[in-house]
Amino acid sequence: MLAWYDRHRRVLPWRALPGETPDPYRVWLSEVMLQQTTVAAVRPRFAAWVARWRDFASLAAADDAEVMAAWAGLGYYARARNLVAAAKAVVADHGGVFPQDEAVLRTLPGLGAYTAAAVAAIAFGKRAVVVDANVERVVARLFAIRTPLPGARVAIRAAADRITPDTRAGDFAQAMMDLGSGICTPKAPSCLLCPLEPECLGVREGAPEALPVKARKKAKPQRYGTIFWVERDGSVLLVTRPDKGLLGGMRALPTGPWVEAPPGLADAPLAADWEMRNVTVAHGFTHFDLQLALAVARTDAHQAGEWWPIAELDRAGLPTVFAKAAAAVLRRDG
DNA sequence: CAGGCGTGGTC
DNA sequence: TGACCAAGCCT
């Protein structure tokens with residue numbers, strides 16, 4: 001794997017070149033951004049982020065609203081809150097120096113088993129067993145582990161531990177992830193190009209693409225809501241959602257709870273002459289699908305909240321579902 | 001442990 | 001075209 005990595009490693013903005021010393025801040029940031037998120041989506045966000053907050057100290061001192069806006073569109077917004085919390089903890093509890101020990105890293109908010117191991121190995125050269133979805137797939141095929149996930153996790157982790165080298169554990173982890181990303185892919189793996197093919201029990205037994213076995217996913221329920229777009233003097237009313245729960249801490253358009261049947265004008269943020277638009281906006285979340293109605297009004301009231309200039313709405317940092325709703329309103333107005 | 005938690009790309 | 005999927009974490 002290490003020889004294959006030396007020949008085929010991807011060049012990525014957060015990855016040290018051979019002979020370079022990794023920057024722990026950049027390794028950590030990239031690992032968090034890459035949680036359940038593609039390299040293509042992370043690439044431009046990583047560049048913008050490190051240009052704005054280049055180290056732990058600057059991030060620990062960052063403005064919360066600006067941080068959340070910078071994360072808008074990346075999803076799983078708890079990651080952004082945890083980044084700031086972890087940066088503050090590094091400054092307050094660790095003298096501004098990122099801890100190198102996997103167990104200590106694990107205590108920082110947003111660093112779970114995978115990320116703590118990945119940072120220890122990649123940033124600090126420690127031996128750590130790094131198991132993400134790529135490694136799970138490669139290992140399940142290499143050893144023909146047919147137990148369905150998540151039950152197979154114990155066996156997969158033990159197997160990954162056995163093949164992790166004592167030196168260059170970081171390169172080994174990144175090699176496994178590059179292999180899983182480009183060769184040992186979920187649907188149609190390129191086994192002819194794989195350095196592990198001669199030893200792969202999944203190949204020997206046939207149908208490696210069927211591994212790992214996963215449990216069937218449950219159907220997503222449908223929910224409905226109404227977005228309340230209210231204008232005053234060329235500005236629109238925005239709110240900030242509570243820190244916990246869906247889209248926590250993010251700027252948003254006012255909306256009531258999302259429920260099993262279309263709620264119409266229930267839970268409007270203020271009394272006004274609401275007009276229902278004859279279009280809806282659909283959006284899929286991880287665990288439910290959402291269909292939004294749009295209610296529009298003008299007001300002179302001094303409603304609590306943030307009146308945001310519509311011409312600068314791009315800079316508000318709205319999560320995608322609200323950006324879609326805003327675009328739908330403005331498409332007809334504009 | 002199972003479920004909450006986003007989004008955009010891919011086939 | 002919709003279902004699956006991506007460098008998971010937290011409760």
Side-chain angles (χ1 to χ4, degrees), chain A residues 9-10 12-15 26-46 68 71-83 85-86 105-123 128-138 148-151 153-154 157 160 170 172-182 184-189 209 212 214-223 241-250 252 258 282-290 317-324:
Chain A
R9 52 181 290 158
R10 285 179 289 178
L12 298 169
W14 46 84
R15 192 177 267 185
R26 294 166 65 97
V27 172
W28 164 65
L29 175 63
S30 68
E31 289 301 339
V32 173
M33 283 190 167
L34 286 161
Q35 288 167 7
Q36 300 288 286
T37 309
T38 59
V39 167
V42 167
R43 203 183 273 274
R45 299 310 198 91
F46 179 83
M68 298 314 289
W71 200 270
L74 268 181
Y76 287 141
Y77 297 100
R79 292 184 291 172
R81 295 193 300 279
N82 285 335
L83 276 178
L105 288 167
R106 186 74 177 74
T107 67
L108 295 172
L111 278 91
Y114 163 75
T115 305
V119 169
I122 297 169
V129 183
V130 181
V131 182
D132 73 325
N134 287 305
V135 177
E136 280 183 355
R137 187 168 58 253
V138 172
L149 290 172
R153 294 255 153 81
V154 175
R157 182 176 186 79
F172 179 76
Q174 293 176 97
M176 293 288 278
M177 292 190 278
D178 280 10
L179 189 75
S181 168
C184 195
T185 53
K187 295 285 177 61
E209 70 279 0
K214 293 187 179 180
R216 197 64 165 268
K217 285 194 176 145
K218 295 205 310 194
K220 290 197 285 188
Q222 180 73 46
R223 292 188 190 165
R241 296 174 63 88
D243 272 343
K244 301 204 170 185
L246 188 67
L247 309 173
M250 299 300 290
W258 295 338
H283 187 76
F285 289 100
T286 308
H287 53 299
F288 65 93
D289 288 317
L290 180 63
L318 294 179
T320 299
V321 61
F322 298 113
K324 276 190 198 175

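Convention: sequence-line order gives letters A, B, ...; per-chain numbering from 1. Keep in mind that what you see is a predicted model, and the values were worked out from it rather than measured. No hydrogens, no waters, no symmetry mates; every other heavy atom, side chains included, goes into these values.
Looking at heavy-atom distances under 4.0 Å, Ala173(A) makes no contact with the nucleic acid at all. At the heavy-atom level, Ala118(A) lies nowhere under 4.0 Å from the strands shown. If you check every strand for non-hydrogen atoms under 4.0 Å, Trp14(A) touches a base. As judged by a 4.0 angstrom heavy-atom cut-off over every strand, Leu290(A) is placed among residues making no nucleic acid contact. Within the nucleic acid shown, Ser30(A) has no heavy atom closer than 4.0 Å to any nucleic acid atom. Residue Thr286(A) is classed as a base contact, given a heavy-atom separation below 4.0 Å to a base. Heavy atoms of Gly180(A) sit nowhere under 4.0 angstrom from any nucleic acid atom.
Rounding to whole angstrom units, CZ of residue Arg10(A) and P of dA6(C) are separated by 13 Å. To the nearest angstrom, P of dG8(C) lies 8 Å from CG of Leu34(A). Following rounding to the nearest Å, Lys220(A) (NZ) and dC5(C) (C1') show an atom-to-atom distance of 12 Å. Taking atom CG on Leu74(A) and atom P on dC9(C), their separation rounds to 16 Å, with Å as the unit. Atom CZ in Arg81(A) sits about 12 Å away from atom P in dC10(C), given to the nearest Å. We find that CZ of Phe285(A) is positioned 18 Å from C1' of dA3(C), with the value rounded to whole Å. If you measure from atom CD of Gln36(A) to atom P of dA6(C), you get 8 Å, rounded to the nearest angstrom. With rounding to whole Å, His287(A) atom NE2 is found 18 Å from dC10(C) atom P.
When each of Lys187(A) and Thr37(A) is assigned the nucleotide of DNA chain B bearing its nearest heavy atom, the one mapping closer to the 5' terminus is Thr37(A). Each of Lys244(A) and Arg15(A) has a nearest nucleotide on DNA chain C; the 5'-most of these lies closest to Arg15(A).
Contacts of Lys324(A) classified as salt bridge (charged side-chain N to carboxylate O under 4.0 Å, His left out), with partners at least two apart in sequence or in another chain: none.
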query = So Thr286(A) and Tyr76(A), side chain to side chain contact (heavy atoms under 4.5 Å, CB included) or not? Walk me through it.
reply = CA-CA 10 Å; Thr286(A) 308; Tyr76(A) 287 141; 3.5 Å; yes
request  = Report the C-alpha distance between Trp14(A) and Val39(A) in whole Å, list the side-chain angles of each, state the deciding distance to 0.1 Å, and finish with yes or no for side chain to side chain contact (heavy atoms under 4.5 Å, CB included).
outcome  = CA-CA 11 Å; Trp14(A) 46 84; Val39(A) 167; 4.1 Å; yes
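Side chains of Arg79(A) and Gln35(A): no donor on one and acceptor on the other come within 3.5 Å. A donor-acceptor pair shorter than 3.5 Å cannot be found between the side chains of Arg45(A) and Thr37(A). Under the 3.5 Å distance criterion, with hydrogens and angles disregarded, a donor-acceptor pair is assigned to the side chains of Tyr114(A) and Glu31(A).
Checking dC5(C), dC10(C), dG8(C) against every side-chain atom of Pro186(A), the shortest atom distance belongs to dC5(C).
Aromatic ring centroids of Phe285(A) and His287(A) lie 6.0 Å or more apart.
On the nucleic acid side, DNA chain B has its first and last nucleotide under 4.0 Å of a heavy atom of chain A at dG3(B) to dG8(B), going 5' to 3'.
Summarising the geometry of Leu247(A) relative to Pro319(A), their closest heavy-atom pair is CD2-CB, 4.0 Å, with the distance given to 0.1 Å.
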